[in-house]
Visitor: 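Before we start, here is the structure in question, set down as structure tokens.
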Amino acid sequence: GVYRNCCWVFCHINNSADLFFNLRDIMNRGFTLIEIAVIVAILLILSTIVVSLFSQFNRDVMFSRNVERIFSMLEQARTNTISSKGGIQYGVHFEADKVVVFSGAVYSVDAPDNDVFLLSGPESLTNITLAGGGNNVLFSRIMGGTENFGSVTLLGPGDEPPQKVITIFANGLVHIE
């Protein structure tokens, strides 16, 4: 019994020592060119994956920000009209690459108080379908409704682009699908 246990412990310690010395020999000899090339290849693959994921995340964030900004511009124009800011109406003008909050009953490109928002990135506004035609939503005073109700689609970038439909109801409320 005791002899056998002592022998096993001694052999185990001896094998561990051999293993330690083998590891030390491996560490002292350095790395081969093939080992370094494999490590570099693995790091390149991992960095490509990380950059790709970050790029997609960044596009998604920018798309969401554009949707939120368009929504807030519609709400701003409606609120300004209801509160009779400046005693005038406010509206929103849509183009493929920009959204403009304007004051007054008619949109003027050169008006100095226009609040212009250029869409960031390759997103674009499509399917601008408003009652009465045109690209303007004009809110009415007191109630904040509009005769220019309808929808606008924000189309994101990519092969399978995300899209959000922004619907403006006759009562002036806005919904995003």
Side-chain angles (χ1 to χ4, degrees), residues 37 39-177:
I39 290 171
V40 168
I42 290 171
L43 289 174
L44 283 173
I45 291 169
L46 289 175
S47 65
T48 302
I49 291 170
V50 167
V51 166
S52 174
L53 290 174
F54 179 73
S55 176
Q56 180 61 41
F57 174 75
N58 193 26
R59 279 193 302 266
D60 292 345
V61 167
M62 292 305 292
F63 182 75
S64 295
R65 284 185 182 164
N66 284 341
V67 170
E68 291 171 10
R69 178 74 169 128
I70 294 169
F71 179 83
S72 70
M73 291 178 84
L74 284 161
E75 289 295 311
Q76 172 194 357
R78 182 173 186 263
T79 302
N80 288 347
T81 300
I82 291 172
S83 67
S84 295
K85 181 179 176 185
I88 53 176
Q89 291 177 286
Y90 288 83
V92 178
H93 173 78
F94 297 102
E95 291 184 24
D97 62 341
K98 68 181 173 181
V99 179
V100 181
V101 173
F102 63 92
S103 59
V106 178
Y107 170 68
S108 173
V109 176
D110 300 325
D113 58 343
N114 283 350
D115 180 13
V116 179
F117 171 64
L118 296 174
L119 294 175
S120 56
E123 285 113 16
S124 63
L125 289 171
T126 61
N127 300 330
I128 302 171
T129 311
L130 302 173
N135 294 356
N136 299 329
V137 174
L138 186 63
F139 295 99
S140 61
R141 295 182 62 192
I142 314 250
M143 299 300 289
T146 182
E147 295 178 0
N148 313 108
F149 56 90
S151 64
V152 176
T153 303
L154 180 64
L155 192 62
D159 297 332
E160 294 181 27
Q163 65 180 25
K164 291 285 186 181
V165 177
I166 302 166
T167 305
I168 303 106
F169 297 103
N171 63 2
L173 296 178
V174 179
H175 177 72
I176 299 173
E177 299 174 37

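For the numbers below, each heavy atom of this structure counts, side chains included, while hydrogens, waters and symmetry mates do not. Here, residue 1 is the first one in the sequence, and each next residue gets the next number.
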Visitor: What distance do Leu53 atom CG and Asn58 atom CG have between them, rounded to the nearest 0.5 Å?
Guide: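 One gets 12.5 Å once the value is rounded to the nearest 0.5 Å.
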Visitor: Heavy atoms only: give me the nearest Glu147-Ala131 pair and the separation to one decimal.
Guide: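 Glu147 and Ala131 have their closest heavy atoms at O-CB, 3.4 Å.
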Visitor: Can you check whether Asn148 reaches Asn136 side chain to side chain, under 4.5 Å on heavy atoms?
Guide: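 In short, these two side chains do not touch, never coming nearer than 4.5 Å.
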Visitor: Considering all heavy atoms of both residues, which atom of Gly91 and which atom of Ala77 are nearest to each other, and what is their separation?
Guide: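 Taking Gly91 first and Ala77 second, the nearest heavy atoms are O-CB, 4.0 Å.
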Visitor: Which atom names give the shortest non-hydrogen contact between Asn80 and Ser83, and what distance separates them?
Guide: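 Reported closest heavy-atom pair: O-OG, 3.3 Å.
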Visitor: Could you check whether any side-chain N or O of Thr146 sits under 3.5 Å from a backbone N or O of Leu138, counting only pairs where one atom can act as donor and the other as acceptor?
Guide: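 Side chain of Thr146 to backbone of Leu138, a donor-acceptor pair under 3.5 Å: yes, one is there.
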Visitor: Considering all heavy atoms of both residues, which atom of Gln89 and which atom of Ala105 are nearest to each other, and what is their separation?
Guide: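 The answer is OE1-CB, 3.8 Å.
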Visitor: To the nearest 0.5 Å, tell me how far Gln163 CD sits from Glu177 CD.
Guide: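 These two atoms lie 10.5 Å from each other.
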Visitor: Mind checking whether Val99 and Val152 have side chains closer than 4.5 Å, heavy atoms only?
Guide: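 They are not in side-chain contact.
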Visitor: Return the CZ to CD distance between Arg59 and Glu123, rounded to the nearest 0.5 Å.
Guide: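 One finds 10.0 Å between CZ of Arg59 and CD of Glu123.
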Visitor: Return yes when atom CD1 of Ile142 has more than 12 non-hydrogen atoms of other residues, nucleotides or ligands closer than 6.0 Å, and no otherwise.
Guide: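 No - once you tally the heavy atoms of other residues, nucleotides and ligands closer than 6.0 Å, there are 12 at most.
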Visitor: For Arg69, look at atom CZ and say whether over 12 heavy atoms of other residues, nucleotides or ligands are found less than 6.0 Å away.
Guide: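 Yes, because the 6.0 Å sphere around CZ of Arg69 holds more than 12 heavy atoms from other groups.
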Visitor: If we check side chain to side chain contact (heavy atoms under 4.5 Å, CB included) with Leu125, which of these qualifies: Asn135, Leu119, Thr153?
Guide: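 The single option meeting the side chain to side chain contact (heavy atoms under 4.5 Å, CB included) with Leu125 is Leu119.
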Visitor: If you define the side chain from C-beta out and look only at heavy atoms, does anything of Asn171 sit under 4.5 Å from Phe149?
Guide: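 When only atoms from C-beta onward are counted, Phe149 and Asn171 do not touch, as no gap falls below 4.5 Å.
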Visitor: State, with a plain yes or no, whether a side-chain heavy atom of Val101 is found less than 4.5 Å away from one of Phe117.
Guide: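 Answer no - side chains too far apart.
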Visitor: Quick one: do His93 and Glu95 satisfy side chain to side chain donor-acceptor pair (under 3.5 Å)? Show the steps, please.
Guide: CA-CA 7 Å; His93 173 78; Glu95 291 184 24; 3.0 Å; yes
Visitor: As an exercise, state the distance from CG of Leu130 to OG of Ser151, rounded to the nearest 0.5 Å.
Guide: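 Rounded to the nearest 0.5 Å, the CG-OG separation comes out at 7.5 Å.
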Visitor: Exactly one of Ile45, Val40, Ile39, Leu46 should register a side chain to side chain contact (heavy atoms under 4.5 Å, CB included) with Ile42. Which one does?
Guide: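 Between Ile42 and the candidates, side chain to side chain contact (heavy atoms under 4.5 Å, CB included) is satisfied uniquely by Leu46.
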Visitor: Give the C-alpha distance, both sets of side-chain angles, the deciding distance and a yes or no for side-chain contact (heavy atoms from CB on, under 4.5 Å) between Thr79 and Phe139.
Guide: CA-CA 9 Å; Thr79 302; Phe139 295 99; over 6 Å; no
Visitor: Contact between Ile70 and Ile176 at the side-chain level, heavy atoms closer than 4.5 Å - yes or no?
Guide: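 Not in contact.
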Visitor: Pick out which of Phe102, Tyr90, Phe94 makes a ring-ring contact (aromatic ring centres under 6.0 Å, His included) with Tyr107.
Guide: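 The option that passes is Phe102.
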Visitor: How long is the span from the NZ atom in Lys164 to the CG atom in Leu154, to the nearest 0.5 Å?
Guide: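 Going from the NZ atom of Lys164 to the CG atom of Leu154 covers 10.0 Å.
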Visitor: Are Gln76 and Asp115 side-chain neighbours, meaning at least one heavy-atom pair lies under 4.5 Å?
Guide: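 Result yes, sub-4.5 Å side-chain heavy-atom pair found.
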Visitor: With side chains defined as the heavy atoms from C-beta onward, is the minimum distance between Val92 and Ile168 less than 4.5 Å?
Guide: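 No, their side chains stay 4.5 Å or more apart.
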Visitor: Find out whether Val67 and Phe71 are in side-chain contact, i.e. whether some heavy atom of one side chain is under 4.5 Å from a heavy atom of the other.
Guide: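 No - every pair of side-chain heavy atoms lies 4.5 Å or more apart.
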Visitor: Any donor-acceptor pair under 3.5 Å linking the side chain of Thr81 with the backbone of Gly144?
Guide: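 Answer holds: no.
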